[in-house]
Amino acid sequence: MQRFINDPDEVVEDTVKGFVKAHADLVRRAENPRVIVARQAPVKGKVGVITGGGSGHEPAFIGYTGVNMLDAVAVGELFSSPTAKSFLDAAREANGGRGVVCLYGNYAGDNMNVKMAIKLAAKEGIEIATVVANDDVCSAGPLERAKRRGVAGEIFMWKCGAAKAAQGASLEEVRATAQKAIDNCRSVGVGLGPCTLPAVGHPNFVIEPGTMEVGIGHHGEPGVRVEPLKSAKEIAADMAATVLDDHALPPGTEVAVLLSGLGATPLDELYILNDTMAEAIEARGLKIYRTYVGNYFTSLEMVGATLTVLALDDELKQLLDVEVHCPAMR
Amino acid sequence: MQRFINDPDEVVEDTVKGFVKAHADLVRRAENPRVIVARQAPVKGKVGVITGGGSGHEPAFIGYTGVNMLDAVAVGELFSSPTAKSFLDAAREANGGRGVVCLYGNYAGDNMNVKMAIKLAAKEGIEIATVVANDDVCSAGPLERAKRRGVAGEIFMWKCGAAKAAQGASLEEVRATAQKAIDNCRSVGVGLGPCTLPAVGHPNFVIEPGTMEVGIGHHGEPGVRVEPLKSAKEIAADMAATVLDDHALPPGTEVAVLLSGLGATPLDELYILNDTMAEAIEARGLKIYRTYVGNYFTSLEMVGATLTVLALDDELKQLLDVEVHCPAMR
Amino acid sequence: MQQLVNAASGEIVLALAQIVIENRAYLSEIDGKIGDGDHGVNMAKGFGLAADRIKGHTLTLAEAFDTLGTVLMTEIGGSMGPLYGVMFTNFAEVIDKAEAIDASAFGAMLRKGIEGIQSIGSAEVGDKTLLDTLVPAVDAFEAACAARRPFSEALDQLCAAAEAGRDSTKDMVAKIGRASRLGERSRGVLDAGATSCALILTTLAHNVQRRLQ
Amino acid sequence: MQQLVNAASGEIVLALAQIVIENRAYLSEIDGKIGDGDHGVNMAKGFGLAADRIKGHTLTLAEAFDTLGTVLMTEIGGSMGPLYGVMFTNFAEVIDKAEAIDASAFGAMLRKGIEGIQSIGSAEVGDKTLLDTLVPAVDAFEAACAARRPFSEALDQLCAAAEAGRDSTKDMVAKIGRASRLGERSRGVLDAGATSCALILTTLAHNVQRRLQ
Ligand SMILES: Nc1ncnc2c1ncn2[C@@H]1O[C@H](COP(=O)(O)OP(=O)(O)O)[C@@H](O)[C@H]1O
Ligand SMILES: Nc1ncnc2c1ncn2[C@@H]1O[C@H](COP(=O)(O)OP(=O)(O)O)[C@@H](O)[C@H]1O
Ligand SMILES: [Mg+2]
Ligand SMILES: [Mg+2]
Ligand SMILES: [Mg+2]
Ligand SMILES: [Mg+2]
């Protein structure tokens, strides 16, 4: 493992410490060391917006804590849901008296831990509403959308939900807007190289050189099919088609595009993909309102990329435009 | 090569195309396809600020084009200086009538091409002043600072120079401020894994597993020594010491810290490094004013990181605070 | 009638921790094939933490189960935190007041563990989860008791059924958890949770057997 | 007296392009050892582009050199763009008006190339650059001419000195360019530019020899 780490079991602890030191102007650590809180949180009278998830996806989830973004984030071990206690503590830190919305991804562990946190929070009089992201097209068929994984679409869910909360909306309004955002998202991932959990010490799965894994998950969950490695043009066109075939948006729809590297993919390659993706999206009569290209939601040092397309309406456009101050996005 | 590319000879072209599509709100391509221009440039009455360099360092150099940042950037082939013609065209695009400052890195090719561009520009009545970045501590001894390479410290040189120009300073003032910024920068790089020029098809150099290259250059130029791979703590402490021993800053000095991945290093590892670096910097009595952690200046898919420390005075602090709108930084 | 003295049996949990820690790499490897490769790491961390808390204290089995369950639930997260967490805290609840645990109490304890897991995870037998080990194992144990076999022999039945249950997951297509997204590609590999559950149950059974009075 | 007809000798530049393109991988490999591994790529791209412009046209050697130099200078960048660019445009300048090129004109042409490279790159012999091939080669050519050896034989001297010059870089420590940062680590490897320069000079010499009248 050619990596910058100390004790493999301390990767999360060391990451969080270094993160808080770098961004002390925006975030702080709660008493529970597995909870990151925005400096200004809780904001009295504002709906609290939280998320949580396994680590190893940096800048997700912690990097999206900030002004007009998430109020608090529960931090799990690498690729492992945070505890119910951490979700609960995040809710406590975010609670400004009007309830808390927890916007998280559809994974068994997160579902269970959030469920338990909701019960515990209710006992303290904190109402937690939830939205469960399920934007990953390849993780289940169109008739089983509720089974799909949440991936980089979560970023749009957070952005829109948090902006809505910042504008003074009620818990139900924030929940509904975040739900709309994720309902309007479709994502797909392609993996060219695996990742290694430091404590395991060898790659989680194998991607033979010259092949690629289409539909790969954010934790190295194998994709839906293995294909010979194609040109960037072909891969980008395939990814756009996968997402847009599932989406079926009327021509003229405005969309936001998020193209994220999985950790070890350099930025030039993401731009190379974007060149074709933008063309493919526009070829369907869609209008690209904004594009984000970078390492927004990663999987340790996996080589690969995800594409997320968010269909916009006036409300979502306006929420996307709200300025944010957080480590991971502008 | 598990990479997202098309024709290996078209990597730069495809990257630039995808880049301009993603950031059309901020940048445009000049008539010379190897020049990227900020949307608002040229600004009449403002000193133009340009740079240029080889590609493969994305988001550098193009990603720093924008509002209160660079006016135009000359784009070279992968790891290869732009042509004199491209530097000249960048100067033309940036010229608002008060001259142009070209802030670039100390590489033989860039030096020669800029020199030629200056001559050509002079014929058209465009005065080009230059600052040559030489922040890379390991690339030459302290008595030969003029020989040192420019690396990620260039970002601070651009940021401070561009902010100064945005405030209406004269060509000489902008040049002097950018010169001060780079004079106040020291950088060091550590490589854990090599990179591959797509047209070459195999890694440029070898880093044996279990070893690391200390003092590596941004183009895979071998470092000053090969060492057994150490823990993140030890590496970070070494890097901080290398930079600060060369810097000799009086206690109490405020500094900005930039920790950049080299392309394939995931963000969590950079935060792990930052944890120790921040401690090591503070242990010398220095005060960290701001920290940037991310893929700011890369080398294709090299595994590794660079640390840059910029010593601040009131002017530089205030220039660092000026808001920017560009794809690569906030 | 054979029974286990609750007092001082807390050490059994140390044996569970040991077997889990010994199988750290193996369990992660299985999980890596159709999951995310961290099952062994998660389990070893949780059981190791709990063992650290238990070591040097003389605990009843109920107290030790409660410590283990609470550590899993509050400090481990993932799927295993809540699932095994609720299983062990439920175990503890049933035997909490008992001075001695007979076969019937032991069966009630196991059953309550299943209930806890299903209440929170909503999986069924056949979904390719740890329930495919746990449910047939408990069924076999109860059947042996109903047939008036001695406690120790019922534990043998439990072990045999746990291992058969674990092996049954090999041919299953996962219907829940990460692996369920793989469809047919999830067939042909053991389930990681079913494998750890078999290790836990057989180690538990053997340690109980050695202490039966 | 042997001489080369300028008209229609533009094809010689195609031969230069061919040898550079054939050695693309080799030149990059050498550069990779102490530089950034792109010398062959840069050179092949520039010479290939120039060849595309020249192919199908009947050009004088001066015109072809000018095309090559201009392409390198305006479209290639890097170090090679300006350095070889100025060399070839300077070559072109000297022989521009000549109908035929004798040994003395050829020597003047080469000398002007060196001047161009030094004016822009400020390197010296011994710095481990292409000048370590070019300067001794031109010195040898001029010495042969001064000794009244025939043009063709002077070209043989040029080739021998170019190759010896190239080989001399192996033991040098680089004093300029990327490799200079390596200090002692730059010793033991040929310089990439010196290697490409030897290829260019020997190919140029052989093609001139074949055309001498
Ligand atoms: N809803 C559920 N009910 C019972 N067991 C489950 C459920 N979901 C997952 N599992 C078990 O969890 C195991 C995976 O555990 P682990 O790898 O530690 O967690 P994660 O899936 O979060 O990485 C699976 O092998 C399966 O046996
Ligand atoms: N100032 C200089 N004068 C003469 N030759 C030089 C000079 N600087 C570099 N070179 C030559 O350039 C070669 C490297 O060329 P190349 O790899 O194409 O460019 P770059 O160094 O920009 O990657 C070196 O091997 C050396 O011979
Ligand atoms: Mg997991
Ligand atoms: Mg180069
Ligand atoms: Mg797992
Ligand atoms: Mg080179």
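In what follows, every chain begins at residue 1, and chains take the letters A, B, ... in the order their sequences are listed.
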Which atoms of D:Ser119 approach chain B - backbone, side chain, both or neither, heavy atom under 4.5 Å:
backbone
D:Glu163: partners by salt bridge (charged side-chain N to carboxylate O under 4.0 Å, His left out), with sequence neighbours left out:
none
Provide the closest heavy-atom pair for D:Gly37 versus B:Leu197 in the form atom of the first, atom of the second, distance.
O-CD1, 3.6 Å
CD of D:Glu99: more than 12 outside heavy atoms within 6.0 angstrom?
no
Do you know the tightest heavy-atom contact between D:Pro82 and B:Met112?
CG-CB, 3.9 Å
Name the region of B:Asp9, side chain, backbone, both or neither, that has any atom closer than 4.5 Å to a heavy atom of chain D.
both
Heavy-atom contact with chain B under 4.5 Å, split by part of D:Met80:
neither
In terms of heavy-atom proximity below 4.5 Å to chain D, should B:Leu78 be classed as side chain, backbone, both, or neither?
backbone
Side-chain donor or acceptor of B:Asn113 paired with backbone N/O of D:Gly78 under 3.5 Å:
yes
Contact part of D:Lys33 toward chain B, heavy-atom cut-off under 4.5 Å: side chain, backbone, both or neither?
backbone
Residue, of D:Leu72, D:Leu83, D:Val86, that accumulates the most heavy atom pairs under 4.5 Å with chain B:
D:Leu83
What closest approach, in Å, do B:Met116 and D:Ile120 show between heavy atoms, and which atom pair accounts for it?
SD-CD1, 3.5 Å
Are there over 12 heavy-atom neighbours, none belonging to D:Glu11, within less than 6.0 Å of that residue's CD?
no
If every non-hydrogen atom of B:Thr83 is compared with every non-hydrogen atom of D:Ile76, which pair is closest and at what distance?
CG2-N, 3.4 Å
D:His57 NE2: over 12 foreign heavy atoms closer than 6.0 Å
no
When every non-hydrogen atom of D:Lys175 is compared with those of B:Lys147, the smallest separation belongs to O-NZ, 3.8 Å
Considering non-hydrogen atoms only, spot the tightest contact between D:Gly77 and B:Ser80 and give its length.
C-OG, 4.4 Å
